[in-house]
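Remarks on the structure that follows.
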Amino acid sequence: QVQVEERGGGSVPAGGSLRLSCALSGRTYGNYAMAWFRQPLGKEREFVAGITRIGRDTKYAYSVKGRFTISKDNAKDTAFLQMNSLEPEDTAVYYCAANQLPGTVRIRIQDYNYWGQGTQVTVSS
């Protein structure tokens, strides 16, 4: 099996920055497309950012475009989410997901078969 572990969550004031990491481990092979989703308390999980298997293409939710940057290190099976200019509305549990599907960035929960347990990001006003 493939394990997924997110790190880097925490509490920051509005306008601050955080850098999340997502590491794959276990029986990994080849390159993985990876994505970040988030789920505010009491709301549905939503797509935040995604990156294709070799990191050529990325896609962002409109609400975070220009503030968040997704990247990956294929040699380490790790993805990152650099979050700048954080807003209270960004407060949520952030989940990392992965798959080995070809093509463009997938934005649906059902497109991913490997998931982490999530890491809490809290932005105070």
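No hydrogens, no waters, no symmetry mates; every other heavy atom, side chains included, goes into these values.
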### Task
For residues 71-83, pull every pair meeting salt bridge (Lys or Arg N to Asp or Glu O under 4.0 Å), keeping only residues two or more places apart or in separate chains.
none

#### Entry: Flag if over 12 foreign heavy atoms under 6.0 Å of CD, Gln117
no

### Query
Just wondering, are more than 12 heavy atoms of other shown residues or ligands nearer than 6.0 Å to CZ in Arg19?
yes

### Query
Hey, is the main chain of Ser71 close enough, under 3.5 Å, to the side chain of Gln82 for a donor-acceptor pair?
no

### Message
Quick one: does any side-chain atom of Thr28 pair with a main-chain N or O of Ser25 as donor and acceptor, under 3.5 Å?
### Response
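Side chain of Thr28 to backbone of Ser25: no pair is present.
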
Measuring from [X]:[atom1] to [Y]:[atom2], what's the distance to the nearest 0.5 Å?
{"X": "Thr69", "Y": "Leu81", "atom1": "OG1", "atom2": "CG", "value": "8.0 Å"}
{"X": "Tyr32", "Y": "Asn74", "atom1": "OH", "atom2": "CG", "value": "11.0 Å"}
{"X": "Met34", "Y": "Cys22", "atom1": "CE", "atom2": "SG", "value": "3.5 Å"}
{"X": "Phe47", "Y": "Arg38", "atom1": "CZ", "atom2": "CZ", "value": "11.0 Å"}
{"X": "Phe80", "Y": "Arg7", "atom1": "CZ", "atom2": "CZ", "value": "12.0 Å"}
{"X": "Ser124", "Y": "Glu87", "atom1": "OG", "atom2": "CD", "value": "13.0 Å"}

Group every Ile, Leu, Val, Met, Phe, Trp and Tyr by side-chain heavy-atom contacts under 4.5 Å, then state whether [X] and [Y] land in the same group.
{"X": "Val64", "Y": "Val12", "result": "yes"}
{"X": "Val105", "Y": "Trp36", "result": "no"}
{"X": "Ile70", "Y": "Tyr114", "result": "yes"}

### Task
Mind telling me whether Tyr112 and Phe37 have parallel, tilted or perpendicular rings, with 30° and 60° as the class edges?
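Aromatic pair Phe37/Tyr112 classed perpendicular.
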
### Message
Evaluate Gln120 against Thr122 for side-chain contact (heavy atoms from CB on, under 4.5 Å), listing each step before the verdict.
### Response
CA-CA 6 Å; Gln120 176 70 228; Thr122 301; 3.3 Å; yes

Compare every heavy atom of [Y] with every heavy atom of [X], then report the nearest pair and how far apart it is.
{"X": "Thr52", "Y": "Thr104", "answer": "CG2-C, 3.9 Å"}
{"X": "Asp90", "Y": "Arg67", "answer": "OD2-NH1, 2.8 Å"}
{"X": "Leu18", "Y": "Gly8", "answer": "CD2-O, 3.8 Å"}
{"X": "Gly116", "Y": "Tyr95", "answer": "O-CD2, 3.6 Å"}
{"X": "Phe68", "Y": "Val48", "answer": "CD2-CG1, 3.7 Å"}
{"X": "Asp111", "Y": "Ile107", "answer": "OD2-N, 3.9 Å"}

### Message
Show, in sequence, the C-alpha distance, side-chain angles and deciding distance for Thr119 and Tyr94, and conclude whether the side-chain contact (heavy atoms from CB on, under 4.5 Å) test is met.
### Response
CA-CA 5 Å; Thr119 185; Tyr94 282 70; 4.3 Å; yes

### Task
Given side-chain contact (heavy atoms from CB on, under 4.5 Å), test Leu20 with Met83 step by step and report yes or no.
CA-CA 8 Å; Leu20 306 183; Met83 304 185 293; 3.7 Å; yes

